Every structure is written in structure tokens, then in C-alpha cells.
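Accompanying notes for the structure given below.
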Amino acid sequence: MLEKNYQPSEIENRIYRAWEEAGAFDCMRPERKAAAPYSIVIPPPNVTGSLHMGHALNNTLQDILVRFERMRGRDVLWQPGTDHAGIATQMVVERQLMEHQEPGRREMGRDAFLKRVWEWKAESGGTIVNQLKRLGASCDWRRERFTMDEGLSRAVLKVFVELYRAGLIYKDKRLVNWDPKLLTAISDLEVQQVEVKGQMWHFRYPLADDPTKFLTVATTRPETMLGDGAVAVHPDDERYKHLVGKLVTLPLANRLIPVIADEYPDPEKGSGAVKITAAHDFNDFEVWYRHREQDYFRKQLNGGLINLFTPEAKMNENCPEQYRGLDRFEARKRIVADLEALGLVDQIEKITHVVPHGDRSNVVIEPYLTDQWYVDAKTLAKPAIEAVKSGKTNFVPKNWEKTYFDWMENIQPWCVSRQLWWGHQIPAWYGPDGKVFVALSEDEAKAEAKKHYGRDEKLTRDEDVLDTWFSSALWPFSTLGWPDKTPELARFYPTTALVTGFDIIFFWVARMMMMGLHFMKEVPFKDVYIHALVRDEKGAKMSKSKGNVMDPLELIDQYGADALRFTLAAMAAQGRDIKLATSRVEGYRNFATKIWNAARFAEMNGAKRVAGFDPKSAKETLNKWILGETEKAVREVTEAIETYKFNEAAGAAYRFVWSVFCDWYVELSKPLLTGADGAAKAETQATAAFVLDEIVKLLHPFMPFITEELWRVKGEEGEARKSMLALAEWPKLAGLEDAKADSEIGWVVDLITAIRSVRMEMNIAGGVQIPLQLIAGAATKARAERWMEALKRLARLSEITFADSPPKGSVQLLVRGEIAALPLAGVVDLAAERTRLEKEVAKCDADIERVDKKLENRDFVARAPEEILELEKERRRDAQERKSKILEALERLKGAA
RNA sequence: GCGCGCGUAGCUCAGCGGUAGAGCACUACCUUGACAUGGUAGGGGUCACAGGUUCGAUCCCUGUCGCGCGCACCA
């Protein structure tokens, strides 16, 4: 016996365990050897993270696809795993050390620190996996991987070495985005442009020839002036032409720097003269690069590039003594003050400008000249662009392809080295002279070094680790066992679909494309489904600081995983953010209850599954009708999931279950289930059980827990079922739609609805039973007799009789062209009834007029397609007929008055 | 500056060349034998605005206004 209400919390854990024990999510199950493979790799969450709403959406959608395909008989692999998330994880552990007032990572040293991170991983690493299970994610957990486990590390090593040997990874000295808080280089993608209020300082640099005259430059970062190598002006700028080639004095540093001509300065902007600090500004670096062979740069220290800030945030020896070792903002203050004292500050403007910030540290990024490792992304991007152009990989929705192309076609070298400890250490060793040996192991590097130097030399390994996204880029093949030739790799690569958020198209999708194509010679996935962000109900991004974060686990506790999943699916329309309100989750929790109660109804009425029940054998009109409706629903849901229209799939299932099955089939089946006709009763029980089974299958990808539970409980002859719904066969129905059944049930529905409506309008109390008189032909009479009991119950009728004309003073309804009369003279106000009918007539007139207008339009008649023309004509006929019937009814009413 | 998207019922959103839909909220009524986490009925929309294409535009095109996002630049 089912409980009255569905209690998700009592069932979900048990069901999930049952799936795992049955190996329901295992790929390569023996019975599916011949089945077509279907694979998805999970976007690996941070191993020490916890489930947020974005994960909930992302994994719900994947789970829908995976469960759907599993039921369709495919050999499904949903490959799970977690990411080591270099910067994020290292930051968390460092914060912990600080909170516990323990020594910092530099004091404790690399090995001890890494030990701590591994401990933290061991401690918190299972959290997110368990949370995914609570959501119902049907991953093959046997195959769970971690980006820093042994196998994946081997893949990283091999990729790095091979790309290096192919010249696609190289070390280069160029400007990087330096994060002064985390003390590491980061990639362009990790830089966020933030609009801030700031100031623009205008400084006067005295001319060397004539110190009473000045050249004015402007800057937003005064402290960088100490590293200036030149002042640039536009070659056509008449104001400065005479100064080109002359020297100016760099104040405070007391160096002479040249005035050079370059296209870069915009004469319209500021003073038109730009200070060139090549080691601290990307544009200035370009200017320097163009002029690097000129004497005036060559003579300068360090090839003309003066680095002010070392990784320890100290200023180096090129910096005047009094500013050394200062924090950059402190240096800024002092330099401005000192220049002011010298009378060299021309003006200070208040401005709003965009300043680069580190996405993790949230501090201002410093362009900084260092040696880093780069991937030649431009070369790798070419086949990755081609693969999407040729349709080997498809983006859904398609418009994301443009974003992908824009970025890929302008791709910059990818800086992959990070000055962190947590991650894959770069497999590069240096000899005493700085010569680099990139190799799969230290031994291999030593051997190479010996060959090079002719003797054993002490080698030191590169301290840096790789960008986290480097290992993520290999995920679709590294998780399948690459570089080994595993059966899984052969079977499941390329994967079928990738489901991810638009925010990591560049970080992840693009890079998987590049690496997959390079190393596997095939795209990593055929479809990329890009979903939107989950926002709060007002449309704001969820963030801890705003306090508007919704916790998926709390929602699961409160409403059940199925309700949350269904909500996310129902709202996942392509190309639109999800604004999530708890009222929606509550609504779909109610839906779960509704399904539960429909099953309870079936149970109470002895609707048990009949083995071998053939839906085509149904004789009863009602059963034929619901079977046809089921077929329609199956078709809609199937097509929608196939095309990644999750919201349409969820909507179709919802409407079918609630508005069709519960609202009408259940109600109309009651007389059959309690009636005397044994054959009809048995068929209805079997049909109800059959349709309920189909419902539970259709909903399973969306609501796996409740459906699995109902499947289990509602076995044949009431026995608990041994098989798992997760492995059951997806509904396949055909040839069940029946026009005659549709028409009869449609009439019943229309009649009941019309009577209910008029009862309300006439203020007839719900408990009052009223008589109905049908003025109808033989066919309708037969129908009415067949549906007598249901009609009486659902429309609250005392009796149904038949007559040739309506009794005097009755309320007259037009249902499918025939009059249904409610003899209510004395009960209802006849004047009100007259008004009601007059309104009906007016409505008909409006309809007729609208159609007439169209039909009078020659162009319409000449150009509209045949079927539209027919439709309109039919509408006119219908409205006309309706109108005349109602007019007759009005006459009769008047006659009665 | 370049690109993408969005303005549809009070709210959150579907839809999309052929008479506007859902959920929530609202109003009224109903404890009828699956379900009050329910049922029944109802109110509520010049589909942002202006042009154009079309027999016909909420839907396609152009522009305007408003909002959001991404990328690039800013001495």
C-alpha cells in the first residue's frame, strides 16, 4: 500500500543504493555488447568544492540525456571525475593555514604543503560526489577519475613532452598578466576587466636641452614612470615633430630617455605624448618591440626593459633606492608626492576606467615581463575551427559557434605555467647553463643532458606547475585511459555530447577541441549543448556576497531531488538564463505528489500490470483514447529530448500526466473500474497500469527517484518488481491513435466543461444536482447512455433525459452542434440567461466578421494556401451555424418569458 | 568600438507567419470514494516602439528606445 504522500527523503537514498548495487549505471554491461555506445564526460567539478545551482542544472541535463539513451538501449557511459583546480584549491588550503595560525606555505616548504593539500583533498574530496548522487546523477562511478591521479598525470606528461618536441610548447619571455597577490602568471581568460573610479596623472618631463621646457605625459599608474624607457609621439604630430630624437629627463630616476616617433600615440588623446614602460604595459611593449634595434633602447639596461616589481613585489636595483621594496600603491603615493614637490605635476584628472583584475584574487593585475611556458594555440586552433565549420562538432544552440570562432580566430599564445605548487609540475629540467631538457622523467632528462654536456650534470626541475585547464583539456580521452589503448577509449571516443555552461567555452570547450584533434585525430564530442546561467528570481547572479545563493541541497531536502530536477529541466529553454524561484520548485513537488496519487488510485482500483498486455487489443473507447494520447506524449517527449529541448520535453510530459491522464482518464475510468462489466473493468485496469508504466518511463529521465520507486512497487499482480526502471525499455508506441475515440471523449469533455462553466456563471452551488436534457440525435443519445454515470458525477447532474426540444425557460448550451438544456426555470434568472446567450451571439458575429473580412480580400483568396482558405471557410460555417442555433435558443427563451 | 541575446498576463517564462499559452500570484466556489502538495470556474495581454516585406506579422527584415552578457581598447 502506498503512503498518502510521497516522501522523497525516505526513498531517495535507498533507490540510489539499489541502482549502484545493480550496476545500473555501468558501461559495457554484458547484455549491451552489441548496442551502440553513447558517452558524455562530466565537466569535472572542483574536487574540494560543493554542489551549487550551476552544477545542479548542468548535471540534471546530462542525466536526462544519459538516462534517456540508456533506456533506449544504448551502451551508456557517463564518465565522472573531479578537477584539482590549482589556484582555487591552493588558496583554500593557504587560508586554512592562516586561520589555524600555522606556518604559511613558503615557511613549510613545497613537500609539506602539498601533503597538506592532499590531506584536504582526502578529507573533502568525497563531498561533491555524494552531492551529485543525491541529485540522482547516473555516472559510472567505478570509473571516477581525478585530474591528478596517476593515469591522468601520465597523460599530461606525455602531452606536454610531445607538444614540446613538436614545437607547439615553448618557453618565452614576454609580458604576462601577473597576479601580485597570488604571485603567479595567469592567462588572459583569468583576467576580468573591472570598471573603477580612478585618476589620471599628468606629469611634466623636462627637456634635456632646455629644462625650463617640458613634455607632458599622462598615466593612470604613476609608479611605472620609474621604468620608462622613452616618450613616444605620433610622427605626424606637428606639436612634437621637433622633439623627436631629443632627450628628456626622467624625473626622480634622473635618467635621460629619448622621444621617439611611433604610430601608437593618438594625438587626440591626452597630451598626445605617451610614456613608454615596456616591461609594464602591453601596448608599450609593442612599441618597444618595434624599436628594439634602435641604439637608444639597446644602450639602456636590460635591453631597454626595466622591471620594477619582482615576484616578491620588491622593486629591483634599477629603481632609485628610496622606492625599493615598496608596495606598488605605496610607491604610487610617494612618487606623486615627490613629483608634486618638484612642481612636475601638471594636473590630476578624475576618471572612470577599466582595470584588469585577477578573477580569483580580485587584485589589480600587473603586466610583467617574465619567462613562461606557452602553447602555440594558433596552430592547434586551425583544425579545431575547421571541425566546427564542417559540422563534425555542432554547437546547440548554434549561435555559440560565432563566439567560438571569434575567439579561436584571434587566439593568443596560451600561457600554461603557473607559479603555484598544487598541480602538474612541468616536466622540464635545467642544466647549469640554463639549457632546458623536457622529458617524461628525470632519468630521461638526465640521459639527454649527458648526451648534450658529455658528462653527468646536476639538473634542477622547473618549479612551476601547469594551468589547471591544461589537464582539463585532455579530459575526454585521458579519462578513458589514454595514452593506453583501452577498450573504453576505442568504444567511447569521440564522446557523443558535451553539456556545459557558456562561461567555459574558451577555458575548456575550445581547448578540448584543440587537444582532442591533435592527439586523437578526431573531435572529442559531436554535440556541445551550451546551457545558461542559473540566476535568482530577480535575475541577479547568485553570489555569496549578495546573499541570494540558493543551495540545491537545501531544495532537495525540502522538495526532493525530482522536483528540483524537473524545475531545472522545465526552465532550461535554449539561449535563456534560468531565473529560479522556489515557487516553481514547489509547483513541481506538487506534480510529484500528483503522480504518486495517480499511482495510488490505480493501486486502490486493482490496476495491476498484465504481462503481455497488448495496447492494440483495447476495445473500450476510453482506453483507446488514452492509449492514443500516450502515443502522442511519447512522441513529443522523445523528439524534444533528441533535440535538446529539455523544457519542451518536460512540458509535454507534465501536460500529459496532469491535464490528460489525471484530469480526464482517471475521472472517466471510475465508472468502468467500479462497474459490473467484468471485461471492461479488467481491460481498464490493465490499460491504467500500462499507461502508468509508460508515464513512469517517460518521466524517469527527469524524475528518476519517484518513478523508480513506483516502478518497483507497482509490479505485476502487485508484486514488487525485480527489474530496474533505469534499465527498462523506453516507450515505443505506434498506431494507437483513434479518431473515433478522440471524438467521443472530446464530446464528453466538452459537455462536462460547458455544464460546469454555466453552473458557475449561474451561481449554482456545487452540491446541487441539476437535470440535463439533451436535444440530440441517435449517436449522441448512445454516447450519453454510455457515459451516463461519468457525466452525472463530473457535471453534478441528477438525471439525463432526451427530448426533441428544450423545455421552456431552460438554460441552453451548444455542445458540438447540439443543444444541451438545463431545465432551470425558477432556479435561474432568465434575464441573465438571455444576456449570456446574447453575448454568445455577439461572439459569433465577431468571428464571422473577422473571417468575412479575410474572405472579401481578393488577395487573400488568391494567395493564401488552400488549407488555410479551407480552415477559414470552415470557421465561418461553424460560427454561422452556432449563431443560428443560439438565436433559436434565444427565441425559445423569449417564448418562455 | 565589435559581437551575442533579451523586452509577451501582476511575477517568472514558453511560443512563433494563419483567431495569444503555462506555472506562480489573484477572485469565487468545492473537504464528491487518488490527491487541499487537491478540484472547478474565472479575471487579467494594443506580444517595447516605428517603419518595411507579406493575402496575413507577436513571430521575418530595418531602425529607435530600454536592459543584460561576452570580447577588445582606453597614455
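Proteins get letters first, then strands, A, B, ... in listed order; numbering begins at 1 in each. Keep in mind the model is a prediction, meaning the values are calculated, not measured.
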With sequence neighbours excluded, residues passing ring-ring contact (aromatic ring centres under 6.0 Å, His included) with A:Tyr559: none
Heavy-atom pair of closest approach, residues A:Met703 and A:Ala592: CE-CB, 4.2 Å
B:rG56 phosphate, OP1 or OP2, under 4.0 Å from A:Lys854 side-chain N/O: no
Sugar-phosphate only, base, or nothing, as touched by A:Arg221 at under 4.0 Å among non-hydrogen atoms: nothing
Ion pair check, A:Glu789 and A:Lys792, cut-off under 4.0 Å: no
Residue pairs passing the salt bridge (Lys or Arg N to Asp or Glu O under 4.0 Å) test where at least one lies in residues 273-288 of chain A, sequence neighbours excluded: A:Arg221-A:Asp281, A:Asp228-A:Lys275
Sugar-phosphate only, base, or nothing, as touched by A:Tyr264 at under 4.0 Å among non-hydrogen atoms: sugar-phosphate
Who pairs with B:rG70 - Watson-Crick or G-U, where each distance is under 3.5 Å: B:rC2
Residue A:Asn647, side-chain heavy atoms: nucleotide from B:rC71, B:rA14, B:rC73 that is nearest: B:rA14
P atoms of B:rU12 and B:rG51, separation to the nearest Å: 29 Å
B:rC65 versus B:rC49 - spacing of their C1' atoms, nearest Å: 7 Å
Ring centres under 6.0 angstrom apart (A:Phe395, A:Trp400): no
Separation of the C1' atoms in B:rC60 and B:rU53, to the nearest angstrom: 8 Å
Separation between CD1 of A:Ile595 and CD1 of A:Ile706, rounded to the nearest 0.5 Å: 5.0 Å
Euclidean distance, atom CD of residue A:Gln193 to atom P of B:rG70 [Å, nearest integer]: 11 Å
Separation between the C1' atoms of B:rG17 and B:rA57, rounded to whole Å: 6 Å
Heavy-atom pair with the smallest gap, counting every atom of A:Val217 and A:Ser271: CA-OG, 4.0 Å
5′-ward residue of the pair A:Ser271/A:Asp406 relative to RNA chain B: A:Asp406
Side chain to side chain donor-acceptor pair (under 3.5 Å) contacts in which one or both residues fall within residues 854-869 of chain A, not counting sequence neighbours: A:Lys854-A:Glu872
Gap in Å between the two C1' atoms, one belonging to B:rG56 and one to B:rG18, rounded: 7 Å
Separation of the P atoms in B:rG5 and B:rA14, to the nearest angstrom: 15 Å
G-U wobble or Watson-Crick pairing nucleotide for B:rG17 (cut-off 3.5 Å, both distances): none
Between C1' of B:rG68 and NZ of A:Lys579, the distance in whole Å: 9 Å
Nucleotide-resolved protein contact map, nucleotides 33-44 of chain B, B/S/- at heavy-atom distance under 4.0 Å: -BBSBSSBSS--
Residues A:Glu190, A:Ser187; criterion side chain to side chain donor-acceptor pair (under 3.5 Å); working and verdict: CA-CA 5 Å; A:Glu190 291 158 274; A:Ser187 76; 2.8 Å; yes
Atom C1', compared across B:rC47 and B:rG33: separation rounded to whole Å: 45 Å
ring-ring contact (aromatic ring centres under 6.0 Å, His included) involving A:Tyr529 - partner list, sequence neighbours excluded: A:Tyr644, A:Phe646
Rounded distance in Å - CD (A:Glu870) to P (B:rC55): 20 Å
Pairwise P distance, B:rA25 and B:rU37 [rounded to whole Å]: 12 Å
Sugar-phosphate only, base, or nothing, as touched by A:Asp266 at under 4.0 Å among non-hydrogen atoms: base
Grab the N/O contacts between the protein and nucleotides 20-22 of chain B below 3.5 Å, and write none if there aren't any.
none

